[in-house]
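By convention in this document, chain letters (A, B, ...) are assigned in the order of the sequence lines, proteins followed by strands, and residues within each chain are numbered from 1.
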Amino acid sequence: MKIASWNVNSVRARIEHLKRFLDRQSPDVLLMQELKAEVFPTETFQALGYNSVAVTQKAYNGVAILARTPIEVTCTTLPGDDQDSHARFLETRIAGLRIVNIYAPNGNPPASDKFLYKLAWMDRFYVELHHWLADGIPTLIGGDYNVIPEDIDCHKPASWARDALFQPEPRSRYRDWLALGYTDAFRSLHPGETGQFTYWDYFRLAFEHNRGIRIDHFLVSPSLAPRVRFCEIDRTPRSEQKPSDHTPILLELD
DNA sequence: ATGTCGCCTCATAGGCGA
């Protein structure tokens with residue numbers, strides 16, 4: 001079972017990129033983030049052989065899941081704050097797995113309300129991760145975590161020192177998630193490997209110089225970790241014309 | 001501070017979020 005995750009930075013602007021990616025990689029499941037559209041193009045993906053579910057809002061955020069097999073939606077909001085209306089969370093059951101798609105808050109600038117929202121969101125997410133361990137359902141959470149976990153996950157730590165994605169508080173929370181027993185699938189299969197990024201700024205030829213960061217992740221529950229055969233970053237979509245600033249990460253389960 | 005995208009609107013330029 002091949003699962004991909006991609007922050008597309010507008011599903012409308014990236015529809016042809018998406019078609020090329022699906023045709024080339026043919027994933028069984030695709031998690032998408034930053035749809036930036038209230039209406040999701042269900043029919044477009046149906047014509048390509050995919051079921052889909054989406055949680056959307058106007059202009060910002062938005063997450064969707066495509067799958068070749070049926071998708072059962074189990075939750076569309078991150079519990080813990082009734083006032084939170086951001087479209088950032090989608091929990092499903094697909095082929096016996098709990099598959100969760102997240103678009104965690106960016107949180108810039110640090111020391112802002114947006115940064116406090118990011119930290120509170122991460123705390124609420126911890127509670128869900130803890131719950132999920134109890135029922136034994138093999139669980140995979142993919143998406144844009146908006147956290148640079150370690151120094152080797154960016155080209156130059158000094159360049160990100162003042163960015164919300166690299167602050168001690170969110171990085172500490174990410175480590176707390178791993179301490180619960182979840183595995184960062186990419187890092188566990190590529191220990192110590194440098195220069196492996198999923199996002200590059202649009203400006204200053206960041207992609208051409210590989211000045212990027214690794215912020216799109218797959219976390220897997222303990223029962224699923226031994227079944228991860230490979231986890232790779234596909235740089236091709238980022239190299240195309242008019243790309244998203246993120247590129248897909250892919251994972252294969254036995 | 002800046003760079004570049006994509007979205008939206010008291011819209012064709014500017015603000016917001018990333």
Side-chain angles (χ1 to χ4, degrees), chain A residues 5-21 30-41 44 54-64 77-78 81 83-90 101-122 125 142-149 153-167 169-171 173-174 197-217 233 235-249:
Chain A
S5 177
W6 189 10
N7 178 322
V8 293
N9 187 17
S10 166
V11 68
R12 279 195 297 254
R14 234 59 69 188
I15 204 76
E16 295 305 318
H17 303 73
L18 276 158
K19 286 179 184 172
R20 286 193 292 274
F21 175 72
L30 172 61
L31 316 182
M32 277 182 257
Q33 303 86 33
E34 265 206 281
L35 306 175
K36 289 184 163 183
E38 193 140 48
V39 177
F40 185 76
T44 302
V55 180
T56 67
Q57 68 184 82
K58 192 199 279 189
Y60 300 119
N61 308 319
V63 289
T77 56
L78 179 63
D81 181 359
Q83 308 296 90
D84 183 3
S85 58
H86 291 198
R88 299 184 176 277
F89 182 89
L90 178 53
N101 184 6
I102 65 164
Y103 175 46
N106 175 293
N108 271 303
S112 67
D113 285 349
K114 287 193 282 186
F115 189 68
L116 294 177
Y117 170 67
K118 178 191 186 86
L119 298 182
W121 196 97
M122 295 183 79
F125 187 61
D144 179 356
Y145 284 67
N146 267 318
V147 176
I148 303 166
D153 296 311
C154 67
H155 69 283
K156 192 168 121 185
S159 301
W160 294 91
R162 287 172 297 282
D163 195 284
L165 282 56
F166 202 60
Q167 294 310 297
E169 298 92 335
R171 293 174 72 190
R173 281 162 175 77
Y174 188 85
F197 308 129
T198 64
Y199 168 95
W200 298 261
D201 278 331
Y202 281 126
F203 27 83
R204 287 184 273 175
L205 299 173
F207 180 67
E208 286 75 3
H209 293 114
N210 197 28
R211 294 197 278 253
I213 53 179
R214 190 175 72 92
I215 56 174
D216 299 270
H217 310 301
I233 296 161
R235 299 165 71 105
T236 300
R238 187 62 178 82
S239 71
E240 295 176 351
Q241 297 286 68
K242 301 287 284 179
S244 166
D245 39 8
H246 296 248
T247 213
I249 178 169

What distance, rounded to whole Å, do you find between the two [atom1] atoms, one in [N] and one in [M]?
N	M	atom1	value
B/dC10	B/dG3	C1'	30 Å
B/dT2	B/dC7	P	24 Å
B/dA13	B/dA1	P	28 Å
B/dC16	B/dA11	C1'	15 Å

Considering only side-chain heavy atoms of [X], which listed nucleotide, [options], is closest?
X	options	answer
A/Asn106	B/dT4, B/dC8, B/dA18	B/dA18
A/Lys114	B/dA18, B/dG6, B/dG3	B/dA18
A/Tyr202	B/dA18, B/dG3, B/dT4	B/dT4
A/Arg12	B/dT4, B/dG6, B/dC8	B/dC8

Margin query: My understanding is that only one of A/Tyr103, A/Trp121, A/Tyr117 makes a side-chain hydrogen bond (donor to acceptor under 3.5 Å, both in side chains) with A/His86; could you say which?
Written below: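 Testing A/His86 for a side-chain hydrogen bond (donor to acceptor under 3.5 Å, both in side chains) against A/Tyr103, A/Trp121, A/Tyr117 leaves exactly one candidate, A/Tyr117.
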
Notebook entry, point to check: Counting just side-chain N and O atoms, does A/Lys36 come under 4.0 Å of either OP1 or OP2 of B/dG17?
Noted result: no

Margin query: If you compare every side-chain N and O of A/Lys58 against the phosphate oxygens of B/dT9 (OP1, OP2), does one of them come in below 4.0 Å?
Written below: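 For B/dT9, OP1 or OP2 has a side-chain N or O of A/Lys58 closer than 4.0 Å.
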
Which whole-number value in Å describes the distance from [X] [atom1] to [N] [atom2]?
X	N	atom1	atom2	answer
A/Trp200	B/dC5	CH2	P	16 Å
A/Asp245	B/dG17	CG	P	17 Å
A/Tyr60	B/dG15	OH	P	13 Å
A/Gln33	B/dA18	CD	C1'	14 Å
A/Asn61	B/dA18	CG	P	7 Å
A/Leu35	B/dA18	CG	P	14 Å
A/Asn7	B/dC7	CG	P	13 Å
A/Phe203	B/dG6	CZ	P	13 Å

Check: For A/Tyr103, which contact category applies under a 4.0 Å heavy-atom criterion: base, sugar-phosphate, or nothing?
Finding: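 Since only primed, P, OP1 and OP2 atoms lie under 4.0 Å of A/Tyr103, the category is sugar-phosphate.
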
Check: Just one of A/Asn9, A/Val11, A/Val63 clears the side chain to side chain contact (heavy atoms under 4.5 Å, CB included) bar with A/Glu34, so which one?
Finding: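 Going through A/Asn9, A/Val11, A/Val63 one by one, the side chain to side chain contact (heavy atoms under 4.5 Å, CB included) with A/Glu34 is satisfied by A/Asn9 alone.
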
Margin query: A/Ile213 and side chain to side chain contact (heavy atoms under 4.5 Å, CB included): which single residue from A/Asp153, A/Leu165, A/Thr198, A/Asn146 fits?
Written below: A/Leu165

Checklist line | A/Asp245 to A/Arg238 - nearest heavy-atom pair and separation | finding: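 Taking every non-hydrogen atom into account, O-NE, 3.2 Å.
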
Next item on the list: Determine the minimum heavy-atom distance between A/Ser5 and A/Gly142, stating which atoms define it.
Entry: OG-C, 4.1 Å

Item checked: First encountered from the 5' end of DNA chain B, between A/Arg14 and A/Arg88 -> A/Arg14

Next item on the list: Could you say whether A/Arg162 or A/Asn146 is positioned toward the 5' end of DNA chain B, judged by the nucleotide with the nearest heavy atom to each?
Entry: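 Whichever sits nearer the 5' end wins; that is A/Arg162.
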
Margin query: Between A/Asn101 and A/Met32 (side chain of the first, backbone of the second, donor and acceptor by atom type, cut-off under 3.5 Å), is there such a pair?
Written below: yes

